[in-house]
Structure formats: C-alpha cells, structure tokens
Participant: 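Sharing a structure with you now.
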Amino acid sequence: MASDKATPAAEAAERPRARTPRGFADRRAGELAAERRIVEAVARTYESYGFEALETGAFEYADALGKFLPDADRPNEGVFALRDDDEEWMALRYDLTAPLARFVAQNWETLPKPFRRYAFGKVWRNEKPGPGRYREFVQCDADTVGSGRPEADAEIIAMAVAGYAAAGLPREAYQLKINNRKLLNGLLTAAGVASEGQKLAVLRAVDKLDRLGLQGVKLLLGEGRLDESGAFTRGAQLDHAAVDSVLAFVSAGAGGREATLSRLANVIGGSAEGEAGLAELSRIGAALASFGVGEDQALFDPSVVRGLEYYTGPVFEAELLAETVDEAGAAVRFGSIGGGGRYDDLVARFTGERTPATGFSFGVSRLVAALAATGRADGLAARGPVVVIAFDEARMADYFAVAAELRAAGLSAEVFLGQAGMRAQMRYADRRLSPAAVILGEDEIAAGQVTVKDLDLGRELAAGVTDNKAWREERPGQVTAPRAELVATVRAIVGRAR
RNA sequence: GCCGCCUUAGCUCAGUUGGUUAGAGCGCCAGAUUGUGGCUCUGGAGGUCCUCCGUUCGAUCCGGAGAGGCGGUACCA
C-alpha cells in the first residue's frame, strides 16, 4: 500500500476491469448440476456397453494434435498454444479424438484390441465465439479403435442414441443422421473430379445445405455465390453434369433407412468406392435394427458431411429438431449436439500402420443449453441448504451444533455468516432457494424448542398476500417443536421440497 | 479474416444542438416492521458516458485509431 494518496482517477485507472475473456463463460450451480447429471448418465450408458474410462491431459504437444507450428510467435490459429521450457509447442486439445489417437499409438502393444474407451472433459478452440458457441466447452466421447466392422459404427450410433435418452432428451427432439464419405467420393470420381481441393470444396458446399438451401449449394458447387453482405465465395467449379449429380445425391434422403439406400444406389454413379460405401451403410442399417434403434431416431441422410477432414467412411451427426427462441423471441439454432464418424488414418499418423477407428462426440455444453431452451431443464436454479438463522453473537455455538446435527442426518445446512438482521437473513435463504430456515432465538432456547420455517410453502402463499403485517403474523409453514425433534421436523419439511 | 450495425448505473434504455450537480424503470442496500421472505411507502448507494489520440477556452457528444458486443460471410485441422 502506498502511503501517499494517489488521485482517485489514477487509482481507478490501475484497477483491472472485471470481465470474462471472450468466448469463455462463468457457469453457476444450476447449470453445473445439469451438466453433471448429463455426464454421469452418459458415462453410465457407455460403461454399460463395455467402454472403459480414460482421461488424458488438457495439453498435448502440438504435433500430436496434427498442427504444424512454424517457428513464429503465434502458432496456427484454432488452438491455444504456448511454448514449453524446452521450446516445444504445446496446445490445449481441441477435441478428445486426437489425444485418443496419441494414447492408442503410445500404448498399442499392451491394449486389449479392439480398444473401446469413453472420455469426457473440456476442450478449447481458439475461434470466433457466437451464441451457443464458446471457446471452452465439454464433450463426452466414445470410440472404438481396432475394429473396421460396420457393426462397430452401428454400436457407436446405438450408444449415442441411448446416451441422449439417458440424458433426458426426448426422442422426438433430435435426429441422428448417418452418411458415408465414400458415397460422395465415389460419385465425384465417377464424374471425373480428381482434384482433392475440388472434393473438399464440394464437401464444404454440401455442408451448407441446411443454411443456404439447394439453390445456394448449387451456386457453390459451380461458379460461386455472392451473399447479402456483398462477399463472393468461389465455388467448386464443377461442370453442370457433376453439379446435377451431386444435387441429386444430397436430395436422395428422407424416408426409412432401406428406402434411402435403394434410392442412393441409383444416384451414386456405380463407382467401386460408392458401392463399398453403400454396402457399409447397409450393414450398419441391419445392425441398427438389431440394436433396436428406430427409423425415426437414426436415419441415412446423404447431405451430412461433417467438417473434419480426417473422416474416411461413415459420418454421423445429431441435430436438435426442436424450435427454440431466446428471451427476445428470436429463433435460436443450436446446430449439432454431437457427431462423429470413422477415421481409419488417425492412428497411422503416429505408427505408420492403418488402424480402423470410429467414434462419437457428445456435445455436453450444447445439450445443457438445448435442454434449458426447450424448457426441460427442471429448475436450472440450484436448491440452497437449510439456513440456520444467526440471531445472537453469543449463541453461535448453538447454531453450529444445529447445522452439524442436520448434516449428520444427511441434509445440507449452513449457519448464516454475514452481518445482517433477521429480515435480511430470511431474504438470503429465499434467494438461495433454501427449502427451510431454522430459527433458534432466545425464546426457543429458553423453552428448549426450535422453530423451523417451510420456505417453499411461504413462496407459494406469498403471491396471495397483500398485507405485510398479516403475512408476518400468520407465519405460514412455521412449526415450533422440541429441540430434540429438530432433525425429524426439518426432514418432514425438506422431504416435501423437490 | 472480411462487411455492416452497436457500446451511457448491476440489467434494459433515455439524454446532452459541445458548457457547471448525466437521468428513468427494474435490481441492490436500509428503514417503516426491538425476531420473519412477498406487496406498499420512504430514504440511500452505485457512472473513467468502452479506451487512447486529435480538434476546441471546454469533449460523454465532433474527427481518427483501437478494443469489445451483435449480425452476415469465410475458416474450423
């Protein structure tokens, strides 16, 4: 502390501004509880399918994440990176799949194969944040490494569906769409598109189908598209015949899985790769049926492509269907609440050996937001503890004894530790959404009693009360019992709270 | 990254044609009510008017640059 007084303005200028970093969010008890419920439910589901838990560190060496980092101050965009003591670039993981590939490569010899694991945790992306789009969020992944069978893909899909159910998402609220990269690849090859860059541009164009519609995608497949802001996006430069066959392909969805498959067979142009993709989807479909996954939950949709380049075959995406609006009444699109696919080349980056792998990533943070928006986050506000009113400085020991007694009985309880009158303490308990307050004043102590107030009952009755004096004198939901019956009395009241 | 709009109290927003004490509603704190949540009434606290530079006797207001937010677009291994 400086002894001479700085001017108030100078002092203020030195103070840091209290603010959350861009794209990061503070999350409070209610949201955390909802998230924990979801993660636990999903983890239990994955374990019931025989997947084991795995945790890896938040940082990975940047080369393990597949980033090429030049000797510049700033490594590639998209990740948060820093240089370790030994000059090695380390980066916060941007998903849970790349760390898995690293782990599998490192421990391949000793792992039971196929290796099936689930993992949950935070991932970080250094990207432009937006509504429902953060730079730090939680994912829950399940992957099977070492099995190329389509049944492994089907199992992952069935598990994802079971996970959403366990998380409390109603089945009509979302759809899981399945496609195979091999179909479009084969179609493009048959149409004479050889360049990888062009194929990638086609994938990007198809990815925008939900936003731009068939017309927009048509432009992006050909010359390019001029958007409302005046910016021009160069297209994939396909010729008319190729554009038409891609559009026919992405429009071949809808209907049951079998129907979609037979429709796709007519539009993929008869390439070997396309046929292989079709055969895989057919086996996935058969397996899904035996897993009991309904046609309305998981369907084949040729318009699903997924952005990640490393997918080599089947790709999946879970999309929230429910229409939701924000506080201002504007429509909110949550986009995908999970996705995944087969990535047979990822482990090979480390080992040089092609290792089949498939997995699904569950967007936990998105799902919490989605459940809240669909009004299914039953009370995102967390319930508070039983509050023991601190009446008298000299009696603090009694209050702590009451709280300890309640805790020993398995109830959450706390003694009010601020400096405030009883009115403010009641208001505190009200705001914490506490189910009950324990009042132990001079009168109660003298009489060997304790007063317990049912705050939920008061909350219900408060709406109809117009006179404060009457409200106070009625003391709704308040009971005074012998001190020895404290726990039973509180329990009777708390038991009624949700 | 690029384009457009925006930034005044904790929140939602007025306002100042450049001038001395910048406002409202809600929220917050206290009292009315020596020991009781809501309503009502009374009082109170809370602002570098996003930041820096420039123009000016004087800038929250005008000009420039930057930051942050929102929307669109691109990218997303």
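Everything numeric here is computed off the predicted structure, so don't read it as measured data. In what follows, every heavy atom counts, from backbone to side chain, and hydrogens, waters and symmetry copies are set aside. Every chain is numbered from 1 and lettered A, B, ... according to where its sequence line falls, protein lines coming before strand lines.
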Participant: Grab the CG-C1' distance between Asp443(A) and U34(B) for me, whole Å please.
Facilitator: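 In whole Å, U34(B) C1' and Asp443(A) CG are 12 Å from each other.
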Participant: Taking the side chain as C-beta and beyond, is there a heavy-atom pair between Val304(A) and Ile178(A) under 4.5 Å?
Facilitator: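 The answer is no, as the side chains (C-beta and beyond) never meet within the 4.5 Å cut-off.
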Participant: Indicate, with a heavy-atom threshold strictly under 4.0 Å, whether Glu444(A) touches base, sugar-phosphate, or nothing.
Facilitator: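 The answer is base, as Glu444(A) lies within the cut-off (heavy atoms under 4.0 Å) of a base atom.
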Participant: Base, sugar-phosphate, or nothing: which does Arg459(A) touch, judged by heavy atoms less than 4.0 Å apart?
Facilitator: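 It contacts base atoms.
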Participant: Is U60(B) paired to anything, Watson-Crick or G-U wobble with both distances less than 3.5 Å, and if yes, which nucleotide?
Facilitator: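 Answer to the pairing question: none, since U60(B) forms no Watson-Crick or G-U pair.
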Participant: How long is the line joining CD1 of Ile439(A) and C1' of U34(B), in whole Å?
Facilitator: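 Whole-Å distance recorded here is 16 Å.
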Participant: So what's C11(B) paired with, Watson-Crick or G-U wobble, going by both distances under 3.5 Å?
Facilitator: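 By the stated definition (distances under 3.5 Å), G25(B) pairs with C11(B).
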Participant: Answer whether the closest heavy-atom distance between the side chains of Val104(A) and Phe115(A) falls below 4.5 Å.
Facilitator: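 Yes, at least one pair of side-chain atoms sits under 4.5 Å.
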Participant: With a 6.0 Å cut-off on the ring centroids, do Tyr164(A) and Phe362(A) count as close?
Facilitator: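 Centroid distance Tyr164(A)-Phe362(A): below 6.0 Å, so yes.
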Participant: Are the aromatic ring centres of Tyr134(A) and Phe24(A) under 6.0 angstrom apart?
Facilitator: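 No, the ring of Tyr134(A) stays outside the 6.0 Å limit from the ring of Phe24(A), centre to centre.
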Participant: Stacking here means centres under 5.5 Å and planes under 30°; does Phe391(A) stack on G35(B)?
Facilitator: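 By the stated criterion, Phe391(A) and G35(B) do not stack.
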Participant: Determine which nucleotide pairs with G18(B), using a 3.5 Å limit on both distances of a Watson-Crick or G-U wobble pair.
Facilitator: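 Paired with no nucleotide.
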Participant: Identify whether any heavy atom of Arg475(A) sits under 4.0 Å from a base atom; if not, whether one sits that close to sugar-phosphate; answer base, sugar-phosphate or nothing.
Facilitator: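 Base: the residue Arg475(A), judged by heavy atoms under 4.0 Å, touches a nucleobase.
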Participant: How would you label the contact of Asp454(A) with the nucleic acid (heavy atoms, under 4.0 Å): base, sugar-phosphate, or nothing?
Facilitator: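 Base contact.
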Participant: In whole Å, what is the span from the CE atom of Met426(A) to the C1' atom of C29(B)?
Facilitator: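 Going from CE in Met426(A) over to C1' in C29(B) covers 19 Å.
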Participant: If pairing requires Watson-Crick or G-U wobble contacts with both distances under 3.5 Å, which nucleotide is the partner of C70(B)?
Facilitator: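 C70(B) is paired, partner G4(B).
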Participant: Using a cut-off of 4.0 Å on non-hydrogen atoms, how would the nucleic acid contact of Gln478(A) be classed: base, sugar-phosphate, or nothing?
Facilitator: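 Answer is base: heavy atoms of Gln478(A) come under 4.0 Å of a base.
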